[in-house]
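Keep in mind that this is a model prediction, so the values were computed, not measured.
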Amino acid sequence: MKHIKYIFILLAAISFQSCGFYGFTQPSSIKADTFQVNRIENSALLFEPGLDQDFQRALQDKIVDQTNYKLETSNADLVYEGEITTYRISPTTATSDNKAAQNRLTVGVKIRFYNTNNEEDNVDQSFSFFYDYPANAQLVGAQKATAHEEIFERLTQDIINATLAKW
């Protein structure tokens, strides 16, 4: 009985230690030290002032938070550039009297990613995400800030997964 106790403690210690080698905080296996995010253009038909700068900042912050790469303004190992291609508000559901019950804000971006150390890692891809809100609410103030924050959170994570996570 005494040996079973020691075996259990040993197995528990090994199990907990092995969990330390796996995590989601460093998604990249790409060999690089620096990154830059060039100006993100806003070419959407419905133009939202400042959206391009807010998105660029959100992407930079997400990469800094989730990797060990250092942000540079030029000559970086990894380069992001692109444009906001879609900013659209559309009804998604209707009431029984054919009025909109819910609206959807959709934001789409096209991102080009360049790895100056390995061109095989380069990516040219479009991403989009949406935020649903009640039709009787206006997309202004806190409602708009929340919508942009949630959309940017998903878009930036999708971009990092597509460009840096080499599974």
For residues 138-152, which side-chain N or O atoms pair as donor and acceptor with protein atoms under 3.5 Å away, sequence neighbours left out?
residue: Lys144; atom: NZ; partner: Glu48; partner atom: OE2; Å: 2.7
residue: Thr146; atom: OG1; partner: Ala142; partner atom: O; Å: 2.9
residue: His148; atom: NE2; partner: Tyr87; partner atom: OH; Å: 2.9

State which residue, out of Asp124, Thr85, Thr86, fulfils the side chain to side chain donor-acceptor pair (under 3.5 Å) condition with Lys110. Asp124
Please give the remaining members of the hydrophobic cluster of Leu45, linking ILVMFWY side chains under 4.5 Å, ordered by chain and number. none
Check [X] against [Y] and note the closest heavy-atom contact, atom names and distance.
{"X": "Ser43", "Y": "Glu83", "answer": "OG-CG, 3.8 Å"}
{"X": "Gly108", "Y": "Ser128", "answer": "CA-CB, 3.8 Å"}
{"X": "Ile159", "Y": "Val109", "answer": "CD1-CG2, 4.2 Å"}

Salt bridge check: are Asp61 and Arg57 linked by an N-O gap of less than 4.0 Å? no
Side chains of Gln56 and Asp52: any donor to acceptor distance under 3.5 Å? no
My understanding is that only residues two or more places apart in sequence, or in another chain, count here; which of them pass salt bridge (charged side-chain N to carboxylate O under 4.0 Å, His left out) with Asp77? none
Checking Asn122, Val79, Leu164 against Asn115 for side chain to side chain contact (heavy atoms under 4.5 Å, CB included), the one that qualifies is Asn122
Just by distance, do the side chain of Thr67 and the backbone of Val64 share a donor-acceptor pair under 3.5 Å? no
Which of parallel (below 30°), tilted (30 to 60°) and perpendicular (above 60°) describes Tyr80 and Phe35? perpendicular
